[in-house]
Chemist: 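One structure follows; several queries about it will come next.
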Amino acid sequence: MIHVQDLQKHYTVSEKEAGFLGSLRAFVRPKTKVVKAVDGVSFDIAAGERVGFLGANGAGKTTTLKMLSGLLHPTGGSVQVAGFTPFQRKTDFLKKITLVMGQKQQLIWDLPAQDSFLVNQAIFEIGDLEFKATLKEFTEILELDGILKKQVRKLSLGERMKCELAAALLHRPKVLFLDEPTIGLDVNMQVRIREFIAEYNRRFEATVILTSHYMADVTALCERIIVVEKGQIVLDGGIDSLMQRAQNKIIKLEFSHLIPRAQLERYGTVQELDGLSAQILIPRAQASQVASRLLGELPIADVTIEDPPIESIIGEIMSEARVNQQNQRIDLEMMEAKP
Amino acid sequence: MNKHLKILKIFAGSSVSAQMEYRANFIVQMISSLVAFVGALLGLSVLFGDDAGLGGWSLLEAQVLVGVFLLLEGLTEVLVYPNVRKIAEMVRTGTMDFTLLKPIDSQFSVSSRNVNVFAFPNVLLGFGLMVYALIKLGNVSWTGILLSIPMLLSALTIIYCICFILITTAFWFVKVENIIELFWGFFRAGQFPITAFPAGGARILFTYIVPIAFITTVPAQALIGKISLESVLASLGIASVLFVASRLFWKFALKSYTSASS
Ligand SMILES: Nc1ncnc2c1ncn2[C@@H]1O[C@H](COP(=O)(O)OP(=O)(O)O)[C@@H](O)[C@H]1O
Ligand SMILES: [Mg+2]
């Protein structure tokens with residue numbers, strides 16, 4: 001469905017020094033700098049997949065989505081989405097995709113969302129019957145009753161986002177690009193939006209690509225995760241395979257009587273010690289060995305060995321990747337420094 | 001075509017209902033329209049104090065011209081200005097994204113999304129003055145009246161294209177609304193017949209560089225039956241060339257759209 005090969009986007013930005021003289025200097029002799037927002041990413045996504053893009057602010061997630069949806073011309077590399085080259089923006093392509101951005105809105109501010117829907121109906125040439133059916137379905141899943149007739153400016157952020165989603169999906173696109181769709185929403189509303197996206201993916205067998213810097217969005221919704229860092233992919237894999245990469249296991253213990261913390265710290269990193277229950281972090285390879293030692297040496301009532309939550313695994317991998325990237329950069333700089 | 005007509009209707013409908021949210025604007029706009037109208041007429045009566053004529057135009061003929069000027073100014077305020085103003089805003093805030101992702105010609109979409117109904121009284125005032133002066137002039141030529149329709153359309157196209165090309169520079173220079181003010185400044189020169197300007201500099205400027213002559217003088221000449229074939233052809237030619245240029249420039253500008261970051 002989506003095929004991306006060595007995709008790059010470099011922005012040229014002008015640098016301005018502070019103050020009047022700085023501005024003047026910048027005007028006379030503009031200094032420009034190239035920002036490598038996306039710096040050679042490759043991946044393939046099959047129809048119906050739900051993929052999450054994770055990464056810190058400025059990692060290049062939005063830029064990647066903008067190239068996938070055809071808003072930006074890539075600086076290099078190639079993109080194919082549903083057999084089209086996105087930036088040509090052919091009508092048939094645009095009818096198959098949608099882009100939702102948590103920080104930009106397409107709804108007409110002074111009118112009820114319903115009016116914006118009618119505009120989209122005309123532009124996408126959606127038949128009346130299909131339009132009514134889709135709207136009914138969305139109203140049901142998103143609980144839009146009563147908010148479609150209120151001016152958009154009078155809606156809460158969460159209500160507005162629900163309407164934005166509905167407006168963006170009225171033409172029943174097959175490929176969804178969602179850029180931080182839950183940003184700024186409370187946890188409750190985040191969950192509702194996630195559920196809707198999952199439901200849409202099921203009903204219409206749509207491909208979903210979602211970016212977020214909330215780990216929970218991605219882990220709840222996506223079966224595959226791509227982590228980007230400074231314009232490059234540092235990790236691409238299914239949630240299941242990520243579990244395998246966890247470096248630690250968590251051992252949860254129940255004691256039959258209280259024990260001092262110091263005694264427990266001999267076995268591993270104590271994450272939690274609360275009365276009779278405790279949780280310690282043990283390197284993966286030694287987990288079962290440590291567990292049996294614990295059983296023999298301490299007054300244990302119950303023990304379980306678990307994988308750490310996916311969030312902390314990804315966090316681990318991301319910080320590891322950051323260190324690696326930095327090392328690589330230092331290597332490069334040292335090579336460049338040599339004559 | 002059918003699709004585009006339908007979309008025009010929906011755009012107009014939603015734009016009008018959005019403005020109805022701010023009805024108080026209507027009164028303010030009415031007052032400013034009347035002030036502009038009275039100002040234009042007073043200006044004329046000062047210029048024609050002794051009914052001597054101006055650049056070969058009699059007072060009544062010049063009133064037809066002022067009627068054309070006000071009519072086109074009104075149409076620009078109703079149809080052109082609200083759209084071009086939004087374009088700069090859309091580029092600045094990055095909401096142009098949504099326009100580009102719709103399966104519809106983007107220039108058509110950004111140029112037809114808004115109408116400013118509050119400026120409609122200006123159109124009526126201009127039209128009224130034009131008709132009134134024509135009737136007082138007497139012996140109207142029907143060929144002239146017929147010809148004036150394509151000349152007025154051509155004039156409106158020229159205005160649209162100039163405004164559109166100017167605002168398209170927003171893709172490179174983010175704050176450009178002022179550039180439209182510059183055009184308005186030139187446009188005011190259209191209250192006077194082109195022949196009223198001294199031959200040479202100003203007349204060349206307003207004919208060839210900023211084609212004000214084709215915006216007001218030529219349609220007025222058609223109405224009073226004093227138009228030449230060359231003017232008709234030149235008007236249509238300039239409008240077509242500008243229209244093609246506006247499309248090419250827009251396509252070119254879209255290539256450098258970087259979509260304000262979010
Ligand atoms: N329109 C733009 N012009 C110049 N630089 C940009 C533009 N958009 C993004 N950038 C830069 O590119 C990098 C990646 O940005 P972005 O793709 O928005 O990251 P993310 O969505 O992961 O937060 C950032 O350093 C950002 O400053
Ligand atoms: Mg982003």
Side-chain angles (χ1 to χ4, degrees), chain A residues 9 11-13 35 37 57-58 61-63 65-67 69-73 86-87 89-112 114-125 151-154 164 167-168 171 173 177 179-180 183, chain B residues 1-23 25 82 86 89-110 112-115 117 171-174 250-262:
Chain A
K9 179 75 198 180
Y11 294 106
T12 311
V13 291
V35 177
N57 275 325
K61 306 179 295 291
T62 301
T63 305
L65 283 202
K66 282 177 180 170
M67 285 191 282
S69 57
L71 279 175
L72 295 178
H73 287 234
F87 66 80
R89 292 199 287 265
K90 297 250 169 68
T91 297
D92 288 338
F93 169 72
L94 296 175
K95 285 188 176 179
K96 279 205 176 73
I97 65 144
T98 200
L99 173 66
V100 176
M101 288 175 278
Q103 283 157 323
K104 288 182 190 175
Q105 57 152 16
Q106 65 163 320
L107 298 172
I108 305 167
W109 189 243
D110 287 320
L111 293 181
Q114 209 169 265
D115 292 44
S116 296
F117 291 179
L118 289 176
V119 171
N120 281 1
Q121 184 197 3
I123 291 179
F124 283 99
E125 299 173 283
Q151 283 95 333
V152 171
R153 65 168 191 273
K154 292 181 183 160
E164 282 286 334
H171 60 290
F177 300 113
D179 192 25
E180 314 245 9
I183 196 154
Chain B
M1 201 58 223
N2 198 5
K3 175 188 175 187
H4 287 84
L5 282 179
K6 196 169 155 196
I7 290 171
L8 274 183
K9 214 174 92 189
I10 288 184
F11 280 170
S14 68
S15 178
V16 171
S17 22
Q19 283 167 72
M20 287 307 144
E21 293 284 310
Y22 303 97
R23 262 163 244 146
N25 279 356
K86 273 271 161 49
E89 187 187 312
M90 286 165 92
V91 172
R92 191 166 51 240
T93 59
T95 46
M96 186 66 82
D97 291 357
F98 294 114
T99 305
L100 298 179
L101 292 178
K102 297 275 150 66
I104 178 179
D105 183 86
S106 55
Q107 182 174 359
F108 169 79
S109 168
V110 297
S112 60
R113 215 158 231 286
N114 303 285
V115 291
V117 280
F171 284 93
W172 297 278
F173 316 108
V174 173
W250 177 250
K251 288 244 162 71
F252 174 70
L254 284 185
K255 292 222 172 85
S256 30
Y257 180 59
T258 56
S259 166
S261 189
S262 78

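A note on names: the letters A, B, ... follow the listed sequences, proteins ahead of strands, and every chain is numbered from 1.
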Chemist: Against chain B, label A:Glu125 side chain, backbone, both or neither, depending on which of its atoms sit under 4.5 Å from a heavy atom there.
Modeler: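 It is the side chain, since no backbone atom gets that close.
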Chemist: Looking at B:Asp97, is its backbone amide N or carbonyl O close enough to the side chain of B:Tyr257 to form a donor-acceptor pair, meaning the two atoms are under 3.5 Å apart?
Modeler: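 Yes: the side chain of B:Tyr257 pairs with the backbone of B:Asp97.
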Chemist: Can you tell me which portion of A:Asn120 sits under 4.5 Å from chain B's heavy atoms? Options are side chain, backbone, both or neither.
Modeler: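 The answer is the side chain of A:Asn120.
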Chemist: Using only atom types and a distance under 3.5 Å, with no angle test, would you say the side chain of A:Gln106 pairs donor to acceptor with the backbone of B:Thr95?
Modeler: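 Side chain of A:Gln106 to backbone of B:Thr95: no pair is present.
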Chemist: With respect to chain B, which residue among A:Ala122, A:Ser116, A:Gly70, A:Ala168 yields the maximal number of heavy-atom pairs within a distance under 4.5 Å?
Modeler: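 That would be A:Ala122.
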Chemist: Which of the residues A:Ile108, A:Ile97, A:Leu72, A:Leu118 is involved in the greatest number of heavy-atom pairs with chain B at under 4.5 angstrom?
Modeler: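 Max contact count across the listed options: A:Leu72.
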Chemist: Specify which of B:Ser109, B:Ser106, B:Pro103 makes the most heavy-atom pairs with chain A at under 4.5 Å.
Modeler: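 When all of B:Ser109, B:Ser106, B:Pro103 are compared, B:Pro103 has the most.
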Chemist: Tell me, for A:Tyr11 versus chain B, whether the close heavy atoms (under 4.5 Å) come from the side chain, the backbone, both or neither.
Modeler: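 Only the side chain of A:Tyr11 comes within 4.5 Å of chain B.
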Chemist: Does NZ in A:Lys95 sit with more than 12 non-hydrogen atoms of other residues, nucleotides or ligands closer than 6.0 Å?
Modeler: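 Enclosed.
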Chemist: Set out, in order, the CA-CA distance, both residues' side-chain angles and the distance that settles ring-ring contact (aromatic ring centres under 6.0 Å, His included) for B:Trp250 and B:Phe171, then state yes or no.
Modeler: CA-CA 10 Å; B:Trp250 177 250; B:Phe171 284 93; 5.4 Å; yes
Chemist: Considering only heavy atoms from C-beta outward, does the side chain of A:Asp110 approach that of A:Arg153 to under 4.5 Å?
Modeler: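 Answer yes - side chains close enough.
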Chemist: Is it the case that atom CZ in B:Phe108 sees more than 12 heavy atoms from other parts of the structure closer than 6.0 Å?
Modeler: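 It does: B:Phe108 CZ has more than 12 such atoms within range.
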Chemist: What option among A:Thr91, A:Ile183, A:Leu111 has the most heavy-atom pairs under 4.5 Å with chain B?
Modeler: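 So the answer, after comparing A:Thr91, A:Ile183, A:Leu111, is A:Leu111.
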Chemist: Name the option with the most non-hydrogen atom pairs under 4.5 Å to chain B; the candidates are A:Arg89, A:Lys90, A:Gln121.
Modeler: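 Most heavy-atom pairs within the cutoff with chain B belong to A:Arg89.
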Chemist: Check whether A:Gln151 gets within reach of chain B through its side chain, its backbone, both or neither, counting any heavy atom under 4.5 Å.
Modeler: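 Interface part for A:Gln151: side chain.
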Chemist: Under a 4.5 Å heavy-atom cutoff, which of B:Leu100, B:Thr99, B:Leu254, B:Ile10 has the most pairs with chain A?
Modeler: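 Most pairs with chain A among the choices: B:Leu100.
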Chemist: Check the side chains of A:Thr62 and A:Asp179 for a donor-acceptor pair under 3.5 angstrom, ignoring hydrogens and angles.
Modeler: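 Judged by distance alone, the side chains do pair up.
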